[in-house]
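Input: a single structure, listed below in structure tokens.
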Amino acid sequence: MKKGKKLYEGKAKIIYATTDKSLVIQYFKDDATAFNNQKKTTIEGKGVLNNRISEHILSNLSQIGIKNHLVKRLNMREQIIKLVEIIPIEFIVRNVATGSITKRLGIEDGTILKEPLIEYCLKDDKLGDPLIAEEHIYAFDWATKKEIEKVKKMILRINDFMIGMFRGVGIKLIDFKLEFGRFKSNGKSEVILADEISPDTCRLWDSITDKKLDKDRFRKDLGDLIPAYTEVAKRLGILHEQSNVSAVNITKLSSVKRKRK
Ligand code: 5GP
């Protein structure tokens with residue numbers, strides 16, 4: 001299977017065609033954006049860490065029966081994934097109120113929600129990903145009722161699994177964003193989990209100190225994003241605990257290896 005032409009470039013990832021029509025390559029960039037692209041920078045090593053963390057989470061989800069687009073990680077920055085038609089909705093799952101919901105509804109930051117809350121946002125950068133009601137999804141045919149019922153069931157399982165996985169390593173899963181897509185094979189269409197799950201798409205707080213270990217370090221100018229993402233990877237057992245190798249060094253090491261070949 002060979003890498004083909006670029007099909008799509010997003011804010012944090014690039015999708016390339018392959019010689020297999022049902023598969024594409026997902027490349028994780030180091031670019032960081034926030035507030036609908038108004039704040040932008042490049043953070044060396046971020047893509048490498050997100051590739052590894054997302055691979056870890058999606059393969060664990062596969063093992064509990066959550067079908068998703070990951071086929072396998074290819075290298076430090078790339079994964080082979082199934083080509084899906086993305087449902088144009090960002091599914092936001094909240095366990096603790098923080099971020100946009102606190103401003104929108106005047107809820108106190110850090111309020112623990114009685115039950116997980118699912119919010120829907122239309123995936124449209126030009127409109128700033130506006131919050132929508134479930135009824136909008138049906139009114140404008142963005143997805144069918146059957147698809148959304150299936151997605152909601154998957155979301156609750158994903159949330160339960162991820163809360164437990166992170167709790168086990170001393171991290172609170174505050175909220176996160178998921179995307180789903182339609183995978184078409186043998187004339188059938190099946191909704192599966194797509195995109196990435198990483199500290200770019202989740203809010204992760206240290207269980208004891210509430211230290212932010214996610215993209216809020218960039219959004220709120222807290223600094224030390226790479227050490228925070230590295231900490232998440234180490235706690236999940238992806239990077240060795242003793243290892244002091246930073247993601248930046250990992251990037252350099254991988255390019256040295258490639259040159260030597
Ligand atoms: P909020 O609505 O509070 O800004 O975000 C809620 C959660 O969804 C956070 O974990 C945030 O990282 C994630 N999220 C919402 N929209 C986006 C987006 O467009 N890109 C990324 N990477 N994450 C998002």
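Indexing begins at 1, ligand by ligand and atom by atom, following the structure's order.
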_Test: E231 and K211 ion pair at under 4.0 Å_ = no
Note: heavy atom closest to atom 4 (O) of ligand 1, options K123, R203, E90, K177, belongs to R203
Checking heavy atoms under 4.0 Å, the part of D175 that sits near ligand 1 is both
CZ of F176 to CG of L204, rounded to nearest 0.5 Å, is 10.0 Å
Result for side chain to side chain donor-acceptor pair (under 3.5 Å) between N51 and one of Q79, R77, K13 points to Q79
The closest protein heavy-atom partner of atom 1 (P) of ligand 1 is S100 OG, 3.4 Å
| If you measure from the Lys or Arg side-chain nitrogens to the Asp or Glu carboxylate oxygens, is any gap between D216 and R219 under 4.0 Å? | yes
Counting from 1 in the order shown, the ligand 1 atoms closer than 4.0 Å to a non-hydrogen atom of I92 are 6 (C), 8 (O), 15 (C)
| Close approach, R219 and ligand 1, non-hydrogen under 4.0 angstrom | yes
In ligand 1, the atoms that come under 4.0 Å of a heavy atom of C202 are 10 (O)
One finds that the ligand 1 atoms under 4.0 Å from a non-hydrogen atom of F176 are 8 (O), 10 (O)
Residue, atom and distance of the protein heavy atom nearest atom 23 (N) of ligand 1 read D200 O, 3.6 Å
Self-check item: Salt bridge E190-K82, side-chain N to carboxylate O under 4.0 Å
Solution: no
Near G99 (heavy-atom distance under 4.0 Å), the atoms of ligand 1 are 3 (O)
So the atoms of ligand 1 within less than 4.0 Å of a heavy atom of R94 turn out to be 1 (P), 2 (O), 3 (O), 6 (C)
| request: Flag yes if more than 12 heavy atoms outside I112 fall under 6.0 Å of its CD1 atom; otherwise flag no. | output: no
Whether the R94 and T111 side chains hold a donor-acceptor pair (N or O, under 3.5 Å, no angle test) is what I'd like checked.
no
Counting heavy atoms under 4.0 Å, the part of D129 that contacts ligand 1 is side chain
Checklist line | Note: D214-R203 ion pair, threshold 4.0 Å (strictly below) | finding: no
